[in-house]
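Dropping a structure here in structure tokens format, bear with me for questions.
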Amino acid sequence: DGPPASYTVYTYAGPNLAEDVDALSANVWIQALSAGTGGTVILGTYTDRGFIRTLSAQGTLRTIAGKHARDGLENEGGLALETDLLEVTGLDVSPSGTVYASLASDVICRIESDGRIYKVAGTWNEAGYSGDGGSALDAQLDWPHKMLLAPDGSIYVSVSRRVRRIDPAGVIRTVAG
């Protein structure tokens, strides 16, 4: 038994940066990915800033969040396409299609189907470790990454050698580390 003697690698995205193009010609540096709904894949990509893109089942790449400007400012309730994401470090997608992303700007956000972005946890561009037992919106996160959504609606995220859980009511607690 053991592993097979050979493997087949399929390329679905690369090498030119463009919008609504065949993914095989797109230049993307993928930092995070997650299965989306309807056969899509959600990609956290980086060029000079972070972007969240969808890769359709037909192989088309489209940006749903991020911009090239370096303002680092939050855009609560604003259009995700007008938000500086800095760098996408983790992604997951809810069964309803809401995209959740952890960002190097020390927050976790969600992008609704209407294209608006909302902070779920953390304080924009204020790294730290605080807030256990309180609102995740007021907590500090230090470079959150590798996040996932649990079936009960909780969000788990790794930060600074710890795992923190945000429950469905929005309360954050450290669960490991």
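Just so it is clear, the model here is predicted, and its values are computed rather than measured.
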Evaluation steps, side-chain contact (heavy atoms from CB on, under 4.5 Å), between Trp143 and Val159: CA-CA 6 Å; Trp143 196 281; Val159 290; over 6 Å; no
Candidate pair Arg173 and Asp167, rule salt bridge (Lys or Arg N to Asp or Glu O under 4.0 Å), full reasoning: CA-CA 8 Å; Arg173 295 192 193 303; Asp167 69 24; 5.6 Å; no
Side-chain donor-acceptor contact under 3.5 Å, Thr40 with Ser56: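 Not at all, the side chains of Thr40 and Ser56 share no donor-acceptor pair under 3.5 Å.
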Arg165 and Ser154 side chains, donor-acceptor separation under 3.5 Å: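 Arg165 and Ser154 do have a side-chain donor-acceptor pair below 3.5 Å.
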Val88 with Val99, same ILVMFWY side-chain cluster at under 4.5 Å: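 In one cluster with Val88: Val99, yes.
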Co-membership, hydrophobic cluster, residues Ile117 and Val120, 4.5 Å side-chain: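 No; Val120 is not reachable from Ile117 via cluster members.
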Student check: side-chain heavy atoms of Phe51 and Glu87 closer than 4.5 Å: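 Not touching, per the 4.5 Å side-chain cut-off.
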Salt-bridge contact Asp142-Arg162 (side-chain N to carboxylate O under 4.0 Å):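 Looking at Asp142 and Arg162, the cut-off is not met.
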Non-neighbouring partners of Thr54 that pass side chain to side chain contact (heavy atoms under 4.5 Å, CB included), sequence neighbours left out: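 Residues passing side chain to side chain contact (heavy atoms under 4.5 Å, CB included) with Thr54: Ile42, Arg62, Ile64.
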Student check: side-chain heavy atoms of Arg164 and Leu141 closer than 4.5 Å: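 The answer is yes, as the side chains (C-beta and beyond) meet within the 4.5 Å cut-off.
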Straight-line distance of Leu137 CG to Lys119 NZ, nearest 0.5 Å: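 One finds 5.5 Å between CG of Leu137 and NZ of Lys119.
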Reference residue Tyr100; test side chain to side chain contact (heavy atoms under 4.5 Å, CB included); the match among Leu149, Ile111, Val157: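 Exactly one option meets the side chain to side chain contact (heavy atoms under 4.5 Å, CB included) with Tyr100, and it is Leu149.
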Distance, nearest 0.5 Å, that separates CE of Met147 from CD1 of Ile166: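 Going from the CE atom of Met147 to the CD1 atom of Ile166 covers 7.5 Å.
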Hydrophobic cluster partners of Val163 (side-chain heavy atoms under 4.5 Å):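 Reading the cluster by chain and number, Val163 sits alongside Leu148, Tyr156, Val175.
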Any Thr45 side-chain heavy atom under 4.5 Å of Trp29 side chain: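 No, their side chains stay 4.5 Å or more apart.
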Under 3.5 Å donor-acceptor, Thr37 side chain and Gly97 backbone: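 Not confirmed, Thr37 side chain does not pair with Gly97 backbone.
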Cationic N near anionic O, under 4.0 Å, Asp92 to Lys146: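 Salt bridge flag = no for Lys146 with Asp92.
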Donor-acceptor pair between Tyr129 and Thr174 side chains, under 3.5 angstrom: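 Note: Tyr129 and Thr174 side chains meet the donor-acceptor criterion.
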Close side-chain approach of Glu112 to Arg110, heavy-atom, < 4.5 Å: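 The answer is yes; the side chains approach within 4.5 Å.
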Close side-chain approach of Leu103 to Cys109, heavy-atom, < 4.5 Å: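 They are in contact (side-chain heavy atoms under 4.5 Å apart), so the answer is yes.
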Minimum heavy-atom distance Gly153-Pro168, with the two atoms named: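 Heavy-atom minimum between the residues: C-CG, 4.0 Å.
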Partners meeting side chain to side chain donor-acceptor pair (under 3.5 Å) with Ser94 (sequence neighbours left out):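 Side chain to side chain donor-acceptor pair (under 3.5 Å) check on Ser94 returns Ser96.
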Contact check, side chains of Thr83 and Lys67, non-hydrogen atoms, under 4.5 Å: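 A side-chain contact under 4.5 Å is absent here.
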Any Asp106 side-chain heavy atom under 4.5 Å of Trp124 side chain: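 They are not in contact (no side-chain heavy atoms under 4.5 Å apart), so the answer is no.
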From Gln140 atom CD to Ser160 atom OG, the distance as rounded to the nearest 0.5 Å: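 Answer rounded to 0.5 Å: 11.0 Å.
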Distance in Å, Glu76 CD paired with Arg116 CZ, rounded so as to fall on 0.5 Å steps: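 That separation rounds to 11.0 Å.
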Approximate separation, where rounding is to 0.5 Å, of Leu43 CG and Ile52 CD1: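 The CD1 atom of Ile52 is 10.0 Å from CG of Leu43, to the nearest 0.5 Å.
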Flag, side chain of Ser102 to backbone of Gly90, donor-acceptor distance under 3.5 Å: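 Answer holds: yes.
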In one Ile/Leu/Val/Met/Phe/Trp/Tyr side-chain cluster, 4.5 Å: Leu91, Ile108: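 Unlinked, Leu91 and Ile108 end up in two clusters.
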Leu61 reachable from Ile30 in the ILVMFWY side-chain graph, under 4.5 Å edges: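 Result: yes, single cluster for both.
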